[in-house]
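Only one structure is covered here, and it is reproduced in the block below.
Here is how names work: the chains are called A, B, and so on, in the same order as the sequence lines, proteins then strands, and each is numbered from 1. Just the heavy atoms: all of them, side chains too, but no hydrogens, waters or symmetry mates, feed the values below.
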There are 2 protein chains.
Amino acid sequence: MILSDITDIKQTPQRLAIIEYLELNRVHPSALDVYKAVSEKFPTMSFATVYNTLEKLKEKRLIIELSIDTGKKRFDCDTRPHHHLICVKCREIFDVFTEFILELPEDEFQGFDIIGNHVDFYGICKKCKDIEGLGSEQNKD
Amino acid sequence: MILSDITDIKQTPQRLAIIEYLELNRVHPSALDVYKAVSEKFPTMSFATVYNTLEKLKEKRLIIELSIDTGKKRFDCDTRPHHHLICVKCREIFDVFTEFILELPEDEFQGFDIIGNHVDFYGICKKCKDIEGLGSEQNKD
DNA sequence: TCCTAATTTAGAATCAATTTAAGTTGAGAA
DNA sequence: TTCTCAACTTAAATTGATTCTAAATTAGGA
Ligand SMILES: [Mn+2]
Ligand SMILES: [Mn+2]
Ligand SMILES: [Zn+2]
Ligand SMILES: [Zn+2]
């Protein structure tokens, strides 16, 4: 997503700050993450503005909404097709750009027109492994 | 999941009804779906009981919680490893038991210990295609 | 049968997200 | 440059899903 992609919609200071945050923080932030960060620059900014802006950017296909966490939307400002690597401990999400060939056999189609796929890899990130390692040998999950 | 798997926890009528519903309705229902169906048999049953039971079954690894929909948990009573085929219109979820080889190249590991993966296929289900087809040629999304 | 920890329940609380309605403003028109 | 108004922002109310609470009930072992 680049600024010149923002057409048809007004370039307000709040929107530009939200877009800048998304560009610089490619950690698949939640709406709250965006709000916290951007409201430091715009203390009067409303939560609704964050949601409105994210919704508008989604409509314009400049960002993607992820449903990786239940109960909380997360946003991806990289709209290229790619997969994800998710830490089951801290829920950090990393990008995976390897392409996979995923041919679904005819008999699994269930009458669908298939339009895409997405792979989630699950694991424990470096940071969480290190934390686990601390707290003596008998680690208490 | 079979009844004999239910050990360590009390077999209450409410729980048995919830489990029976899950066994017979393998459409990856939400907590509300479960509540609606089971409360017809137990009109005084509380929503909290549905959540408590689903949580307990999840702990015992007899069901899996899906985060396919943001804002709404969905549950899968088939704990065998498998993938999903999701209708982007009606959000129905079908099972895919084909196995895929998904080798992530070392340089994409990001320091993770990888423990699993899951593929979501997206598409339009038969039912939704048929609905689209109606409403004359110029179909309005 | 008795006992009690586990479970159920109704209702309150919480959290993310959406809606509302009133005030403000970006940017095209004059 | 100024005018205009649809688009936008805002605080507050609302909704919907889920979790918590505290009191009443109960499954199942002793
Ligand atoms: Mn991504
Ligand atoms: Mn499934
Ligand atoms: Zn982690
Ligand atoms: Zn469908």
Sole residue of B:D76, B:L54, B:D78, B:I18 in side-chain contact (heavy atoms from CB on, under 4.5 Å) with B:I63: B:L54
Over 60° means perpendicular and under 30° means parallel, so classify the ring planes of B:F47 and B:Y51, tilted if in between. parallel
In whole Å, I'd like the distance from the CD atom of A:E65 to the P atom of C:dA16. 15 Å
Examine distances only and state if a side-chain atom of A:S39 and a backbone atom of A:Y35 form a donor-acceptor pair shorter than 3.5 Å. yes
Under 3.5 Å: donor-acceptor pair, side chain of A:S30, backbone of A:K72: no
Between C1' of C:dG23 and CD of A:Q14, the distance in whole Å: 14 Å
Check the distance between D:dT9's P and A:Y35's OH and give it to me in whole angstrom. 14 Å
What integer distance in Å separates B:D69:CG from C:dA16:C1'? 15 Å
Is the count of non-hydrogen atoms from other residues, nucleotides or ligands lying under 6.0 Å from A:K126 atom NZ greater than 12? no
Would you tell me if any nitrogen or oxygen in the side chain of B:K73 comes within less than 4.0 Å of OP1 or OP2 on D:dT19? yes
Here the residues of residues 42-56 of chain A within 4.0 Å heavy-atom distance, strictly under, of DNA chain C are A:A48, A:Y51
Side-chain contact, heavy-atom cut-off 4.5 Å: B:H84 with B:F94? no
Is the shortest side-chain N/O distance from A:R15 to OP1 or OP2 of D:dA7 below 4.0 Å? no
Under a 4.0 Å heavy-atom criterion, the protein footprint on nucleotides 24-30 of chain D, written with B, S and -, is --BBS--
NZ of B:K60 versus P of C:dA6: gap in Å, rounded? 11 Å
Euclidean distance, atom CD of residue A:E59 to atom C1' of D:dC8 [Å, nearest integer]: 14 Å
How long is the line joining CD1 of A:I18 and P of D:dC8, in whole Å? 12 Å
Could you tell me whether A:F100 and A:F121 have their ring centroids closer than 6.0 angstrom? yes
Take atom CG of A:L32 and atom C1' of C:dC15, then tell me their distance rounded to the nearest Å. 10 Å
A:N117 and B:V119: which non-hydrogen atoms are nearest, and at how many Å? CB-CG1, 4.4 Å
Between B:H83 and B:D95, is any side-chain donor less than 3.5 angstrom from a side-chain acceptor? no
